[in-house]
Amino acid sequence: MATIIAHPLTGSGLSGTITAPGDKSVSHRSLMFGALAVGQTRISGLLEGEDVRATANAVAALGATVVRTGEGTWTVDGVGVGGLSEPEKALDLGNSGTGARLLMGLVAGHPITATFTGDASLSKRPMNRVTEPLSRMGAVFHGREGGRLPMTVTGPDLAMPIDYTSPVASAQVKSAVLLAGLNAPGVTTVREPKPSRDHTENMLRQFGADVTSRTGDGTNVVSITGQPELSPQTIVVPGDPSSAAFAVVAALILPGSDVTVCNVGLNPLRAGLFEVLRAMGGRIDVLGERLEGGEPVGDLRVRGGALKGTIAPPANAASMIDEYPVLCVAAALAEGATEMRGIEELRVKESDRIAVMVAGLRAAGVEVEEHDDGMTVHGAGGKPPAGGCSIDASHDHRIAMSFLVLGLAAAQPVEVTGAETIATSYPAFTAHLQGLGATIETR
Ligand code: S3P
């Protein structure tokens with residue numbers, strides 16, 4: 001078990017430039033959709049974290065040829081929609097909910113059987129949110145109580161297209177159903193209460209699928225026409241806003257900082273955190289905004305300074321769903337209360353992020369109220385929180401990185417145990433923050 005300690009920053013803030021690592025959501029999808037195309041997909045900027053590597057192994061076990069040709073550059077020779085073969089061994093998706101749920105959708109659309117396993121965190125997470133609609137399409141699931149992994153999936157001879165109304169705004173649920181629908185004859189439709197990230201729709205369109213989206217009254221309706229031939233693509237993966245968020249918040253809360261995070265994906269369904277931080281008074285300038293691989297991308301110049309509390313709009317929760325732990329850290333350093341509600345989904349992430357953040361913030365001397373659907377952090381107006389605590393990462397990379405960022409602004413160091421989980425999404429995290437001037441040591 002790795003222990004990492006973040007020491008309070010002495011001196012005048014962080015400075016320098018880093019490049020955000022590849023987007024995890026887009027990286028998973030590049031490999032999966034490449035596996036379903038006929039011919040060779042070339043990917044650059046792929047995130048080489050453990051979650052995405054687990055997906056690479058899984059699509060290879062399902063019959064695609066996956067080759068790493070250089071740093072972040074990979075090729076996938078696909079087998080075509082309907083062409084996946086039965087894997088010989090269980091598919092181990094490690095810590096990755098996205099990998100497990102999207103691949104369950106893929107397998108459910110093929111007449112094959114596959115068993116899914118994962119680590120202690122993934123084995124606790126609810127899979128019934130995908131097994132329920134996928135069962136309606138004809139797939140059969142045998143898992144543990146409550147729809148937990150390990151779980152065996154058998155797809156039907158011919159999947160049935162469905163019209164599914166999802167109770168949650170979840171890109172994983174939406175994508176699992178659309179991916180099963182890819183190999184179903186006819187049109188499969190998913191309705192979600194609010195739009196969730198749209199990488200699946202955008203990328204499948206790029207690969208040649210017929211995907212339509214309609215948003216009205218806040219709801220989002222996506223349809224896919226099954227059994228297309230997908231053509232291979234050249235994919236440039238944008239930088240991950242969810243990973244960039246850590247350096248952005250670190251720079252904002254450390255007065256005197258001047259940090260640029262390059263190549264940050266700014267898809268509006270992912271970039272909600274930056275809007276909230278700006279509403280708190282955060283100085284974040286977008287430089288050189290451009291389109292890369294169809295996604296808006298920019299360089300974020302961030303300068304440290306005073307922040308004030310705010311209300312994070314529940315209506316925008318899906319656009320920043322992974323960023324609440326690090327928003328709590330910004331909130332702890334702000335003047336006044338920051339209210340984060342409408343985020344009960346956080347309770348079924350890699351950890352129960354509401355409970356784990358509340359307990360950890362209290363241990364670090366931050367005043368916080370827990371709600372069923374979120375939390376309210378009472379900031380101390382820039383006064384360093386006490387720190388001097390040890391936080392168990394709880395198999396959750398974003399918890400680990402958030403508390404290390406807090407440690408930079410605390411009065412005493414903050415230790416994170418189980419910090420090896422950071423390698424699931426951001427293997428260069430420690431090196432990046434050290435490069436900006438932070439003192440972070442691994443024991
Ligand atoms: C993801 C969707 C989100 C997010 C996860 C990645 C994706 O999960 O939390 O980290 O790539 O589709 P939900 O779909 O459960 O909201």
Side-chain angles (χ1 to χ4, degrees), residues 21-33 46-47 49-52 54-55 58 93-106 118 121-122 124-134 147 164 166-179 190-204 220 222 237-238 240-246 265 267 269-273 295 314 316-327 342-354 373 395-402 421-422 424-426:
D23 188 274
K24 186 149 70 75
S25 293
V26 174
S27 294
H28 281 298
R29 289 164 172 80
S30 304
L31 294 164
M32 291 181 200
F33 304 166
L46 190 89
L47 171 67
E50 288 167 4
D51 280 10
V52 175
T55 288
L93 274 307
N95 190 250
S96 179
T98 305
R101 293 191 177 122
L102 269 58
L103 286 166
M104 278 185 185
L106 269 193
S121 155
L122 187 56
K124 280 193 212 142
R125 298 180 68 184
M127 294 297 149
N128 35 20
R129 54 179 53 201
V130 292
T131 61
E132 209 268 315
L134 295 175
Y164 181 63
S166 172
V168 280
S170 159
Q172 293 178 358
V173 172
K174 173 175 64 180
S175 303
V177 176
L178 294 175
L179 290 180
V190 184
R191 298 164 197 271
E192 51 181 358
K194 292 200 180 79
S196 62
R197 66 189 68 191
D198 55 3
H199 304 300
T200 295
E201 297 92 303
N202 296 342
M203 292 176 70
L204 281 178
N220 190 31
V222 183
V237 179
D240 198 325
S242 302
S243 298
F246 299 102
N267 178 320
L269 292 171
R270 296 290 303 284
L273 173 75
E295 292 275 340
N316 297 351
S319 70
M320 49 183 290
I321 197 68
D322 292 333
E323 282 65 79
Y324 284 94
V326 79
L327 176 59
I343 51 171
E344 52 279 358
E345 270 294 296
L346 259 61
R347 294 203 182 273
V348 290
K349 295 295 180 188
E350 286 83 331
S351 67
D352 175 343
R353 286 183 175 159
I354 296 174
D373 68 339
H395 301 282
D396 189 332
H397 50 133
R398 300 201 200 280
I399 296 293
M401 292 186 276
S402 297
T421 186
I422 292 170
T424 59
S425 69
Y426 195 173

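Read the numbers this way: they start at 1 and go in the same order the structure lists the ligands and their atoms.
The pair Arg129-Glu345 meets the salt-bridge criterion, since a charged nitrogen lies less than 4.0 angstrom from a carboxylate oxygen.
Residue Arg398 places no N or O, backbone or side chain, under 3.5 Å from any N or O of ligand 1. Between Ala171 and ligand 1, a contact under 3.5 Å exists for at least one N or O pair.
Residue contact annotation: Lys174 has no non-hydrogen atom under 4.0 Å from ligand 1. Ligand 1 lies within reach of Lys349, whose nearest heavy atom is under 4.0 Å from it.
Residues His28 and Thr55 have side chains that bring a donor and an acceptor to within less than 3.5 angstrom of each other. With hydrogens and angles left out, the side-chain atoms of Asn267 and Asp198 include a donor and acceptor closer than 3.5 Å. Residues Ser242 and Arg270 bring a donor and an acceptor atom of their side chains to less than 3.5 Å of each other.
Here the shortest heavy-atom distance to atom 12 (O) of ligand 1, taken over Lys24, Arg29, Arg101, His199, belongs to Arg29. Between Asp198, Asp322, Asp51, it is Asp322 that holds the heavy atom closest to atom 9 (O) of ligand 1.
Rounded to the nearest 0.5 angstrom, Thr424 OG1 and Asp51 CG are separated by 4.5 Å. Rounded to the nearest 0.5 angstrom, Asp322 CG and Arg353 CZ are separated by 5.5 Å.
Nearest protein heavy-atom contact of atom 6 (C) of ligand 1 is Thr98 OG1, 3.2 Å. Of the protein's heavy atoms, Ser25 OG, 2.7 Å lies nearest to atom 11 (O) of ligand 1.
Between Leu46 and Leu31 the shortest side-chain heavy-atom distance falls below 4.5 Å.
If you number the atoms of ligand 1 from 1 as listed, the ones under 4.0 Å from a heavy atom of Ile321 come out as 9 (O).
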